[in-house]
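This one's a predicted model, so the numbers in the text were calculated from it and none came from an experiment. Protein chains get the first letters and strands the later ones, always in sequence-line order, with residue 1 at the start of each.
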2 protein chains.
Amino acid sequence: MINNQESYYTDVDKMHVATDCIVFGFHQDELKLLIFNRRVQPHKGGWSLIGSFVKLNEDVDHAAKRVLRDITGLDNVFFEQSRTYGNAERDMGARCVSVAQFALIRIDEYDEELTEMRGAFWYRLEELPELVLDHYQMVIDALDILRRKAKHQPIGFELLPEKFTIPQLQSLYEAIFQRKLDPGNFRKKILSFKILNRLNEKDRSSSKRGAFYYTFDHDTYEKLLKSGYNFDFL
Amino acid sequence: MINNQESYYTDVDKMHVATDCIVFGFHQDELKLLIFNRRVQPHKGGWSLIGSFVKLNEDVDHAAKRVLRDITGLDNVFFEQSRTYGNAERDMGARCVSVAQFALIRIDEYDEELTEMRGAFWYRLEELPELVLDHYQMVIDALDILRRKAKHQPIGFELLPEKFTIPQLQSLYEAIFQRKLDPGNFRKKILSFKILNRLNEKDRSSSKRGAFYYTFDHDTYEKLLKSGYNFDFL
DNA sequence: CCAAAAGTGTTCGTTTTACACCCATGG
DNA sequence: CCATGGGTGTAAAACGAACACTTTTGG
């Protein structure tokens, strides 16, 4: 069957298809990006996003998950397509179209040893080294999409540990949007969505009084979402 | 040079890369989509989006513009990437990744004869025929992105003629969002952005009194955008 | 003169913003 | 006992939804 139909396309150009992952993490009140020090040609020694070519029988989405799993040991990660980079000249090596996808990971869960063994490291967004090809543009674009999304849906929870405090959540949003938020107003807004469950447990690492831990109530969120509820932060 | 570097990638799979265009137009208070009746295999006789394979030395974006120009005669059209469809099984014919892009066109400007000669026709969104492959999903996804975008930036102007009235603009937004809007409130909101210039000319085709024509002030818009101004419709 | 669409104004309730204030507690 | 961050309350301003009202003009 495949061979039969394939015949329609025989005179059509073929090219490499890659996927590059913009992997965001959040640690110590800072947004971090996972980047990769290339140990082989091309661009040996340069910094790049983690990525891979897509195999003939592999979904593009799957390729991204495969790469991230190989490097961090993590599975079941939040992934979303960013955009596709298809300029003819973008990779001088060969014609190669790259589908960029961004991931949000809980930085406390990944396998640090495995990651470093593979040549990947976390960098603060503000102090990224130069990146290979158009990878810096990919980061910019993904950040833009992340910000847009974060404004209208509670996407940020993907970046925090299972249980977190409201001040932690606030500092994540401050990192994403690059501006200070009012603690009182932020708390009221977030709680008004009623998608957080308070635990009977406090985090005392950043104050004597301690801040209650919360968990994200995925079920209630889905319900509200389906009922057309609007989650507009800020 | 190319041949030299190409050697790094010799063992990497290659595949077809296509682009499909979701072409929106606005006419008689209705959102319309340009679709294409296939005259050759595969899927001969079926309805599909207009699209093409990307050539080896051609930017992906360029391929979309080329297709649209060939079919409608239009150039300089608003284009934006939607998303990329990369499932291994999406086209039984052969492995083929498709980058979907949507276009907004002023329906009064295209070349009707050329378009029909090429087998393409405008359909109301509500009465689309069945589309081949995953093209229907592409339409759904593009609509979703269009709606999101339209909410936060004055994208709709791409779909109207150079000069338009506020009631016309309103009916466009009603078509995009599929709901009635209050004329008074809509007008105030739009005018508050101060990105419309009123002409000393009226359209009397839909009322005795006539409605003033406006043009979109692109320069002021860009300025406000850069200064961080928020355009939130609705 | 009147129907009908264009355009303006007013009201009222909600949301946002800024900020004052109370709480809990380890050092 | 007090500095510090957690958490609550509140008043003023801004905004949005609903709707009444005025304007214009061809038939």
Side-chain angles (χ1 to χ4, degrees), chain A residues 28-29 150-154 160-161 163-175 177-215 224 228-234, chain B residues 28-29 150-154 160-161 163-215 224 227-234:
Chain A
Q28 290 174 336
D29 295 355
K151 243 186 172 164
H152 305 290
Q153 32 180 301
L160 290 174
K163 51 184 193 185
F164 52 86
T165 68
I166 293 197
Q168 276 167 27
L169 184 61
Q170 177 179 344
S171 102
L172 166 59
Y173 274 82
E174 289 179 343
F177 296 118
Q178 294 291 338
R179 69 180 174 103
K180 284 279 169 225
L181 303 172
D182 179 282
N185 297 336
F186 180 81
R187 160 180 253 95
K188 267 177 289 179
K189 186 87 195 168
I190 294 290
L191 289 178
S192 75
F193 296 143
K194 301 191 189 295
I195 50 175
L196 295 188
N197 295 324
R198 199 177 86 177
L199 305 180
N200 280 322
E201 195 183 347
K202 285 187 165 189
D203 164 38
R204 299 194 192 272
S205 67
S206 67
S207 83
K208 344 259 172 160
R209 181 182 179 177
F212 279 107
Y213 278 120
Y214 288 79
T215 56
L224 283 171
Y229 192 86
N230 239 16
F231 297 89
D232 281 0
F233 294 60
L234 303 182
Chain B
Q28 291 176 334
D29 295 355
K151 242 184 169 160
H152 305 290
Q153 32 179 301
L160 291 173
K163 52 184 191 183
F164 53 85
T165 67
I166 295 198
Q168 276 166 26
L169 184 61
Q170 178 179 343
S171 100
L172 166 60
Y173 274 82
E174 289 179 343
I176 292 179
F177 295 118
Q178 293 292 333
R179 69 181 174 100
K180 284 278 168 225
L181 303 173
D182 180 280
N185 295 337
F186 181 80
R187 160 180 252 95
K188 268 176 288 181
K189 187 83 193 169
I190 293 291
L191 290 178
S192 75
F193 297 143
K194 300 192 192 293
I195 50 175
L196 296 188
N197 295 325
R198 199 176 86 175
L199 306 181
N200 279 322
E201 194 186 345
K202 284 188 165 190
D203 164 38
R204 298 196 191 270
S205 67
S206 67
S207 84
K208 342 257 172 163
R209 183 182 178 178
F212 279 107
Y213 278 118
Y214 288 79
T215 56
L224 284 172
S227 76
Y229 191 86
N230 238 16
F231 298 90
D232 281 1
F233 295 61
L234 303 180

Q | Protein-nucleotide distance (A/Arg187, atom CZ; D/dG5, atom C1'), rounded to Å | A | 10 Å
Q. Which part of the nucleic acid, if any, lies within contact of A/Pro167, taking any heavy atom under 4.0 Å across all strands shown: a base, the sugar-phosphate backbone alone, or nothing?
A. sugar-phosphate
**Q.** Nearest-Å distance for atom pair CG/C1', residues B/Asn230 and C/dT15
**A.** 16 Å
Q. What closest approach, in Å, do B/Tyr214 and B/Leu191 show between heavy atoms, and which atom pair accounts for it?
A. CE2-CD2, 4.0 Å
Q. If you pin A/Ser207 and A/Asp182 to their nearest nucleotides in DNA chain D, which one's is more 5'?
A. A/Ser207
**Q.** 5' precedence on DNA chain C between A/Lys188 and A/Arg204 (nearest-nucleotide basis)
**A.** A/Lys188
Q | Residue closer to the 5' end of DNA chain D, B/Gly184 versus B/Arg209 (nearest nucleotide) | A | B/Gly184
Q | Pairing of B/Arg179 and B/Glu174 as salt bridge, 4.0 angstrom limit | A | no
Q. Given atom CG of B/Leu191 and atom C1' of C/dG7, what is their separation to the nearest angstrom?
A. 10 Å
**Q.** Quiz item: cation-pi between A/Lys202 and A/Phe212, 6.0 Å / 45°
**A.** yes
Q. Please give, in whole Å, the distance from C/dG26 P to A/Lys202 NZ?
A. 10 Å
Q: Select base, sugar-phosphate, or nothing to describe what B/Ser206 touches, counting heavy atoms under 4.0 Å on all strands.
A: sugar-phosphate
Q: Determine the sole option in A/Ile190, A/Ile195, A/Leu196, A/Leu169 for which the side chain to side chain contact (heavy atoms under 4.5 Å, CB included) test with A/Pro154 is passed.
A: A/Ile195
Q. Do the side-chain N or O atoms of A/Lys208 get closer than 4.0 angstrom to the phosphate oxygens (OP1, OP2) of D/dG6?
A. no
**Q.** Separation of atom CD1 in A/Ile166 from atom P in D/dG7, rounded to whole Å
**A.** 7 Å
**Q.** Spacing of B/Lys189 atom NZ relative to D/dC15 atom P, expressed in whole Å
**A.** 8 Å
Q) Can you tell me how far C1' of D/dG7 sits from CD of A/Gln170, to the nearest Å? A) 12 Å
(Q) Assess whether a salt bridge exists between B/Lys163 and B/Glu201, defined as any Lys/Arg side-chain N lying under 4.0 Å from an Asp/Glu carboxylate O. (A) yes
(Q) What is the distance, to the nearest angstrom, from the CZ atom on A/Phe212 to the P atom on C/dA24? (A) 10 Å
